[in-house]
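Nothing here was measured: the structure is a model prediction, and the numbers come from that model. Throughout, a chain's letter reflects where its sequence line sits, starting with A, and its residues are numbered from 1.
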There are 2 protein chains.
Amino acid sequence: MRLTRAGEYAVRCMVYLAYKGHGVLVSKQEIAERTEIPSYFLAKIVQQLSKARLIVITQGPKGGYSLLKPAAEVSLLQIVEVMIGEISLNECVDRPSSCSVSKNCSVHKVWEKASSQLRETLAAVSLAQLSENESCIPIFPVRVSNA
Amino acid sequence: MRLTRAGEYAVRCMVYLAYKGHGVLVSKQEIAERTEIPSYFLAKIVQQLSKARLIVITQGPKGGYSLLKPAAEVSLLQIVEVMIGEISLNECVDRPSSCSVSKNCSVHKVWEKASSQLRETLAAVSLAQLSENESCIPIFPVRVSNA
DNA sequence: ATAAATAAGATATTTAATATCTTATTTATC
DNA sequence: GATAAATAAGATATTAAATATCTTATTTAT
């Protein structure tokens with residue numbers, strides 16, 4: 001019951017892009033190095049982010065990735081769900097047919113409530129908020145400390 | 001990001017035991033059949049529930065399982081965490097060392113909040129509540145409908 | 001035309017979850 | 001006490017998902 005590494009990597013990648021600025025093109029190499037994501041794995045992740053229209057991929061030399069939308073318009077939930085699909089904390093939540101009485105099942109109701117609560121919490125956080133503050137990318141934000 | 005089947009089975013088993021009543025001995029066979037848990041898998045699960053002091057195992061002929069505590073004193077969270085360990089929705093939550101800046105990381109803070117929120121939601125539900133109402137065990141509660 | 005970049009599909013590799021089997025232990029009953 | 005019926009506990013498959021990597025193709029600046 002935990003975010004996958006792919007999900008974590010997607011968040012880091014997006015936070016880094018947001019930090020660099022909306023529309024700014026950043027190379028795969030740079031992102032991979034700064035965010036400590038295996039370069040090949042990053043390639044897979046950005047493909048999904050691009051299909052979901054969260055980023056733009058530019059090919060060719062001087063190519064790279066950039067945000068499609070302003071960071072304020074992207075939520076943490078969106079990023080995570082691109083990678084792992086819609087969050088549901090128990091199978092019966094997204095496949096009620098797996099349970100014979102789901103509709104009236106008291107256990108089902110708890111998981112349904114917990115799932116939507118979690119989705120709301122993640123939806124309330126924007127990429128802008130995440131990139132404006134210190135976050136878990138090594139070296140970054142350097143903002144050369146004033147001591 | 002979903003409950004494992006072992007977790008789901010543990011909940012079903014506990015709900016069934018609670019339904020039969022506190023201290024009532026129920027055989028493995030009966031539980032396996034009524035809750036649709038593979039018998040061998042159930043054996044593994046009750047071992048953990050027993051170590052965690054949620055149920056009592058009685059060996060020998062006429063053996064079986066029963067609740068150790070009144071259902072009102074057991075929470076859904078307890079049952080689930082016996083099977084999957086303490087819930088943390090991202091690696092950085094229970095292993096802050098995996099992240100270089102965790103303490104001040106804005107992403108980390110969100111996952112920490114989401115994790116405790118989820119734990120609170122599950123902690124607020126007692127086994128008694130779950131077994132008093134209709135739940136996801138086929139056939140059960142039969143409570144011969146009055147039509 | 002060339003070379004530098006990413007795209008996309010295929011394939012390993014690793015890990016975790018699920019399921020099952022085997023042998024051992026406990027205990028009610030005769 | 002012997003027997004048989006139940007669970008215990010450790011070991012081993014099996015399955016599925018996640019992670020990681022490789023290969024070949026495509027795009028585009030120079």
Side-chain angles (χ1 to χ4, degrees), chain A residues 1-13 17 25-33 35-66 68 80-85 87-91 94-95 98, chain B residues 1-13 17 25-33 35-66 68 80-85 87-91 94-95 98:
Chain A
M1 192 173 267
R2 169 172 294 190
L3 184 65
T4 60
R5 205 165 294 183
E8 165 71 17
Y9 287 163
V11 173
R12 271 197 229 164
C13 172
L17 286 176
L25 198 67
V26 188
S27 76
K28 180 167 77 163
Q29 299 315 321
E30 177 177 344
I31 299 175
E33 281 167 22
T35 62
E36 296 184 338
I37 301 173
S39 173
Y40 280 126
F41 204 169
L42 177 60
K44 290 289 133 192
I45 287 161
V46 293
Q47 277 167 34
Q48 293 186 68
L49 292 173
S50 157
K51 271 183 197 153
R53 301 189 52 75
L54 292 185
I55 67 168
V56 171
I57 295 176
T58 305
Q59 288 204 148
K62 305 221 167 171
Y65 315 122
S66 62
L68 176 59
V80 167
E81 291 198 334
V82 165
M83 302 309 299
I84 67 172
I87 290 175
S88 75
L89 294 173
N90 198 357
E91 187 182 7
D94 69 328
R95 264 201 342 113
S98 65
Chain B
M1 192 172 266
R2 167 172 296 190
L3 183 66
T4 60
R5 205 165 295 183
E8 165 70 18
Y9 288 162
V11 173
R12 272 196 227 165
C13 171
L17 286 176
L25 198 65
V26 188
S27 76
K28 181 168 79 164
Q29 298 317 321
E30 178 178 343
I31 300 174
E33 282 166 21
T35 61
E36 297 185 337
I37 301 174
S39 173
Y40 280 126
F41 204 169
L42 176 60
K44 288 290 133 193
I45 287 161
V46 293
Q47 278 167 34
Q48 294 186 68
L49 292 173
S50 158
K51 271 183 198 153
R53 303 187 53 73
L54 292 186
I55 67 168
V56 171
I57 295 176
T58 305
Q59 287 203 146
K62 305 222 167 168
Y65 316 122
S66 61
L68 176 59
V80 167
E81 291 198 334
V82 165
M83 303 309 299
I84 66 171
I87 290 175
S88 75
L89 293 174
N90 198 355
E91 187 181 5
D94 70 327
R95 261 195 351 108
S98 65

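- Nearest to the side-chain atoms of F41(B) among the listed nucleotides dA19(C), dT6(C), dT26(C) stands dA19(C).
- The separation between L25(A) atom CG and dT28(D) atom C1' is 13 Å, rounded to whole Å.
- Using the Watson-Crick or G-U wobble rule with both distances under 3.5 Å, dA19(C) pairs with dT12(D).
- Comparing dA8(D), dT19(D), dA5(D) by their nearest atom to the side chain of A6(A) picks out dT19(D).
- Between Y65(B) and the phosphate of dA8(D), there is a side-chain N or O to OP1/OP2 separation shorter than 4.0 Å.
- The two atoms that bring L17(B) and Y65(B) nearest to each other are CD2-O, 3.5 Å, heavy atoms only.
- Taking 4.0 angstrom as the limit, Y9(B) places none of its side-chain polar atoms (N or O) nearer than this to OP1 or OP2 of dA17(C).
- One can place NZ of K28(A) at 12 Å from P of dA8(C), the figure rounded to the nearest angstrom.
- Distance from the side chain of Q47(A) is smallest for dA8(C) among the nucleotides dA8(C), dT21(D), dA19(C).
- Checking the phosphate oxygens (OP1, OP2) of dT29(C), a side-chain nitrogen or oxygen of K62(B) falls inside 4.0 Å.
- In the set dA8(D), dT6(C), dT28(D), dA8(D) carries the atom at the smallest distance from any side-chain atom of I57(B).
- Counting heavy atoms from C-beta on, the side chains of R12(A) and E8(A) come closer than 4.5 Å.
- Taking every heavy atom of both residues into account, L89(A) and M1(A) meet most closely at O-CE, 3.7 Å.
- Side-chain contact between C13(A) and T35(A): absent, with no pair of heavy atoms (C-beta onward) separated by less than 4.5 Å.
- Between the CD1 atom of I31(A) and the C1' atom of dA5(C) there is a distance of 13 Å, given to the nearest Å.
- Atom CD of E8(B) is separated from atom P of dT18(C) by 11 Å (rounded to the nearest Å).
- At the phosphate of dA19(C), OP1 or OP2 sits under 4.0 Å from a side-chain N or O atom of R5(B).
- Pairing for dT26(D) is with dA5(C), a Watson-Crick or G-U wobble pair whose two hydrogen-bonding atom distances lie under 3.5 Å.
- Separating the CG atom of L42(A) from the C1' atom of dT19(D) is a distance of 14 Å, rounded to the nearest angstrom.
- Regarding E91(A), its CD atom lies at a distance of 16 Å from the P atom of dA17(C), rounded to whole Å.
- Nearest-nucleotide positions on DNA chain D for K44(B) and Q29(B) put Q29(B) closer to the 5' end.
- The residue among Q59(B) and Y40(A) whose nearest nucleotide of DNA chain C is located toward the 5' end is Y40(A).
- For the pair L3(A) CG and dA16(C) C1', the interatomic distance rounds to 16 Å; values are reported in whole Å.
- Look at CD1 on I45(B): it is 13 Å from P on dA17(C), rounded to the nearest Å.
- The shortest heavy-atom contact between K28(A) and L42(A) is O-CD2, 3.6 Å.
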